[in-house]
Amino acid sequence: MKKRRLLVLTLTVILVAGLFAGCSSSAKTDSNTTAKNDDKTFVVGLDDSFPPMGFRDDKNEIVGFDVDLAKEAGKRMGMEVVLQPINWDTKELELDSGNIDVIWNGLTITDERKQAMDFTKPYLKNDQVIVVKSDSSIKTKADLAGKNIGLQKGSSAYDAYMADPISKETAAMNEYDDNVSALSDLGIGRIDAVIVDSVVARYYIKSENVAYTILNESLSPELYGVAVKKGNTELLTKLQDAIDAMIADGTAATISTKWFGEDIIYKP
């Protein structure tokens, strides 16, 4: 009996020691990840399924309009740019915890978000539009009554939809992790319409060559900005100076033309 008890005790000690070792290793990994956020590294949080702002190409590399802007800004600030895909629904937490330095990916400036983070000046104008199949019976926003709507969760499309009276008349609102999934479901008939950023809708329709139509009525005009952690005025000033210079010397316009075929940079 004594030998059996001794064996059980020994195994218990080994298991507990292993558990603590695992926890120590995990903590070390987290510490190393956080340590990358220094004055030499510019960690950009983004949704990598948000074309043309940020998405993966056929080589699985993250590319896009906002990606090019961020890389150029990082170069001008003398910082190494690290692209960090995040869950868009928890973007505020990622920024506040220090896992990323900025959110730069078609982020709409709202009064609510201003309470949680600081923004650069707007650099792009946008609105939330309604996308349907070209042969759809939906011709106006009022026609959404009784229909199934799709949109990205945690997005400004959600906010615009909930603030519009039509939200009380639709049959259902389906939330997706990304806009591409919602637009794909529209094509196979799982939903009747998608509410999405106009820049995303126009790019998707053109690049995918799908028979979709954007209704003339939109839900909400808005402006895009880059967000930094609340109170990080040093980074905000440095970043704004870089963006201002990019706009002034035409670099931002060149990047815009590359992705949209024209200069759509916001100049108030």
The reported gap from CD1 in I255 to CD1 in I247 (rounded to nearest 0.5 angstrom) is 10.5 Å
Rounded to the nearest 0.5 Å, the CG atom of D58 sits from the CZ atom of R56 at a distance of 13.0 Å
Could you tell me if [Y] and [X] have a donor-acceptor pair between their side chains, going purely by distance under 3.5 Å?
X: Y204; Y: N179; answer: no
X: D197; Y: Y203; answer: no
X: D263; Y: T257; answer: no

Checklist entry - Which is it for Q152 and D178 under the side-chain contact (heavy atoms from CB on, under 4.5 Å) test, yes or no, and what are the steps along the way? => result CA-CA 5 Å; Q152 183 182 30; D178 57 78; 4.3 Å; yes
Those residues at least two apart in sequence (or on a different chain) that pass salt bridge (Lys or Arg N to Asp or Glu O under 4.0 Å) with D185 are R190
Closest heavy-atom pair, I130 versus A193, reported as atoms and distance to 0.1 Å, is CG2-CB, 4.1 Å
A201 and V129 have their tightest heavy-atom pair at CB-CG2, 3.9 Å
So the ring-ring contact (aromatic ring centres under 6.0 Å, His included) pairs with at least one residue in residues 73-100 (sequence neighbours excluded) are none
>> For the CG atom on D57, are there more than 12 heavy atoms of other groups (residues, nucleotides or ligands in this structure) within a distance under 6.0 Å?
In response: yes
Problem - D244/Q240 under side chain to side chain donor-acceptor pair (under 3.5 Å): CA gap, chis, key distance, verdict - result: CA-CA 6 Å; D244 287 345; Q240 188 62 66; 2.9 Å; yes
Charged N to carboxylate O under 4.0 angstrom, E72 versus R76? yes
